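See below for the structure under consideration.
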Number of protein chains: 2
Amino acid sequence: MKKVTINSVATYAGVSKKTVSRVLNNEPNVSPATREKVLKVFKELDYTPNPIARGLARNRSFIIGCLYDNPSKSYITRVQSGALEACHKHNYNLLIHPCELRGGALIANIENLLTTSRLDGLVLTPPFSDSVELIEFLKRKNVNYARVASAIEDDESISVRSNDEQGAFEITEHLIELGHSNIAFIKGHPDHSATEQRFSGYQRALSTHNIAFNNALVAEGNFSYHSGADSAKAILDITPRPSAVFASNDYMAAAVLKLATQRHLKVPEDISIAGFDNAPIARHIWPGLTTIAQPVEEMTRQAVELLINQIGGADVGVLQTTLEAKLITRESTAKP
Amino acid sequence: MKKVTINSVATYAGVSKKTVSRVLNNEPNVSPATREKVLKVFKELDYTPNPIARGLARNRSFIIGCLYDNPSKSYITRVQSGALEACHKHNYNLLIHPCELRGGALIANIENLLTTSRLDGLVLTPPFSDSVELIEFLKRKNVNYARVASAIEDDESISVRSNDEQGAFEITEHLIELGHSNIAFIKGHPDHSATEQRFSGYQRALSTHNIAFNNALVAEGNFSYHSGADSAKAILDITPRPSAVFASNDYMAAAVLKLATQRHLKVPEDISIAGFDNAPIARHIWPGLTTIAQPVEEMTRQAVELLINQIGGADVGVLQTTLEAKLITRESTAKP
DNA sequence: ATGAAATGTGACACCGGTGTCATAATGAGG
DNA sequence: CCTCATTATGACACCGGTGTCACATTTCAT
């Protein structure tokens, strides 16, 4: 099968390349008759313009790259879903690129990515949105980027985050108001800024309600289900057993719930469990998890939309936004 | 900041574009001295080649597109993970494109995708891997593609599937051998060929063990958790209550488990539950789900690898492979 | 009818690389 | 020292579009 290019169309239709290009891009100043004629040839020859050539001429690829390194699959799915919504709205496409923050190869990896595929912009999700090294590199390379859920504030780039500290405060307060005071906490991955923020919200709630912070009640997780299972073991063995557990995300909370159930503890009668994120699993298990609904899709959608506007050369106005997190109470928390 | 192109490098280094290009691509016939010189200029000018220009010249984008329309998020995550592994191994990138099979806009949507971004190949996941309309279109457009978990056999294109019928047979047989005979079944999405195959395996197992098939025990799901919850209601209200439920995927099985637990039924003492896929949720809940481990990542990895070889012009040899599914027994199934 | 403005069209350079081929420089063998 | 093969290098066309600008044609007010 012979390739159909803009040249063949032009020859066949008896007009110049440029006129074909005009029809292709719906530019004005083409007579209706000519336009019709060219459009007919498009159909006849089954012509599809070459996006690469177009990209070269316009210096655009209409592709956004999404960087992630996140143990929580559902978080990534939600990120993708928000990013895709914004992309498709503007006729952009999304390229996904998981990679590792640690190991020293990050910059080389991203450099290779940019060499392999021309990307108009990059969405950085945690923990990349907090990587100063990466951000410096992108600035130097003049690559457009948007940060999702980043804690860095003194940066003039696009950033959409949610209020993790406040969310953690509220859910801890919810437990306290139910009557809990012996509340265990499971931390997230140390590379993620959300980890520190959620921890800090937990501590602030305790202190606000005059409950002494007890480091023995804190377990180190990393947002993965598996780490939650390990932390759960540690926590359920504490004497006296905490009457409530607040895990930094729903996966880890689900792991606590599973172990508690295995040990024939009744949730929430014997122990209350709270999570964070409002991941699907929070409502797929019984009892459903009390959690903080974090607007992951919406954050990403907004970030990508701003990014695309910026790429288009528009004046984006407000670059940095903070969305609210919301407490969702389900069956996993109750009075002790 | 001025753009650094191959021309600036050439001028600065005092050589021709072509020589720079040679160094860039590690081609032979460049004297060590010249190579050194050019490499030094790369560093000095912080040069990054333009992938689009390269793509235009070579007629390659080194991007694979992944099509999906699947209610199960974890399935998609696994597909992506397998596809990415193969892509990165060959220095390709992955662009994701969820879209709808139904609605009539599919072909236009894909046509637009191909117009927007030059893709070297497409991975079709269910239900697209069974869409004759789409496959015809891609053939006509001369687009390389690979099918994952497709039931179409009389096609000369790349296809990697797993044995769904056999998997469903085995898990049903497992229930029968435990002593169950009143086994309810929840179907998957009607657009997916796996749905028919799993149903067929269920029926074959019944018939092999001389158990009469009873259509009243069959509920219509669509692979989503939500549809599983609806089916669960219907099934748990059947009198006499089935002693076991086999759901066509783990999400729906999890929904059955949740409702059963809510109704204070003990699993597996009062009712056994089996799923399909070995999705993460199968081991994140208690009791863990007995299920069929489907090698989703591996299927996709192999499919993409074959696809990339084909794009590279290699003789791919065997185009169609079937991988085995494996029974995983956990706590959700037991004697009635 | 006439000149100015608006509209339609094409020639040509350009985007930033790669492929082909001719030619220059180097090295081995006699 | 010369010939011939080998290695190194560059000129130039080309990939398939878009941007600029010049020019031809039409429209419209005077």
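Note that the coordinates shown come from a computational prediction; the quantities given were computed from them, not determined experimentally. Chain identifiers are assigned alphabetically (A, B, ...) following the order of the sequence lines, protein sequences preceding nucleic acid strands; residue numbering begins at 1 within each chain.
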- Task: Pull out every residue in residues 29-39 of chain A that has a heavy atom closer than 4.0 Å to any atom of DNA chain C, ordered by number, or say none.
- Result: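 Those residues whose heavy atoms fall under 4.0 Å from DNA chain C, taken from residues 29-39 of chain A in numerical order, are A:N29, A:V30, A:S31, A:T34.
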Under 4.0 angstrom, heavy atoms only, what part of the nucleic acid is A:V20 near: base, sugar-phosphate, or nothing?
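No contact.
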Q: Tell me what A:N7 touches on the nucleic acid: a base, only sugar-phosphate, or nothing, going by heavy atoms under 4.0 Å.
A: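 If one applies the 4.0 Å heavy-atom cut-off, A:N7 turns out to touch nothing in the nucleic acid.
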Describe, in one word, how the ring planes of B:H97 and A:H88 are oriented to each other, choosing from parallel (under 30°), tilted (30 to 60°) and perpendicular (over 60°).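 B:H97 and A:H88: tilted rings.
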Please verify the inter-ring angle class for B:F62 with B:Y92; under 30° counts as parallel, over 60° as perpendicular, anything in between as tilted.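 Rings of B:F62 and B:Y92: perpendicular, over 60°.
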Under-4.0 Å salt bridge between B:D130 and B:R147:
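No, this pair does not count.
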Q | Carboxylate-amine/guanidinium contact A:R301 A:E305, below 4.0 Å | A | yes
Side chains of [X] and [Y] in contact at under 4.5 Å (non-hydrogen atoms):
X	Y	value
B:D46	A:R140	yes
A:L119	A:V143	no
A:R118	A:N59	yes

Next on the checklist: When you measure only distances, ignoring hydrogens and angles, does the side chain of B:K18 come within 3.5 Å of the base of C:dG19 through a donor and an acceptor?
Outcome noted: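 Looking at the base of C:dG19, it does pair with a donor or acceptor on the side chain of B:K18 (distance under 3.5 Å).
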key: Base C:dG17 to side chain B:K17, donor-acceptor N/O within 3.5 Å cut-off   =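 Indeed, a donor on one side and an acceptor on the other fall under 3.5 Å apart.
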The side chain of B:P49 lies closest to which of these nucleotides: D:dG16, C:dG17, C:dT20?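 Within the option list, the nearest is C:dG17.
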Minimum-distance nucleotide (side-chain atoms of A:L24 versus C:dT9, D:dG10, D:dT18):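 Among the listed nucleotides, the one closest to the side chain of A:L24 is D:dT18.
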Would you kindly give the [atom1]-to-[atom2] distance between [X] and [N], to the nearest whole Å?
X	N	atom1	atom2	result
A:E27	D:dG17	CD	P	14 Å
A:R58	C:dA13	CZ	P	22 Å
B:K3	C:dG16	NZ	C1'	9 Å
B:N59	D:dG17	CG	C1'	13 Å
A:R54	D:dG16	CZ	P	14 Å
B:R60	C:dG19	CZ	C1'	15 Å
A:D120	C:dC15	CG	P	18 Å
B:R22	C:dT20	CZ	P	12 Å

May I ask you to verify if any side-chain N or O of [X] is less than 4.0 angstrom from the OP1 or OP2 atom of [N]?
X	N	answer
A:T19	C:dT9	no
B:S21	C:dT18	yes
A:N25	D:dT18	yes
A:T5	D:dG16	no
B:Y47	C:dG16	no

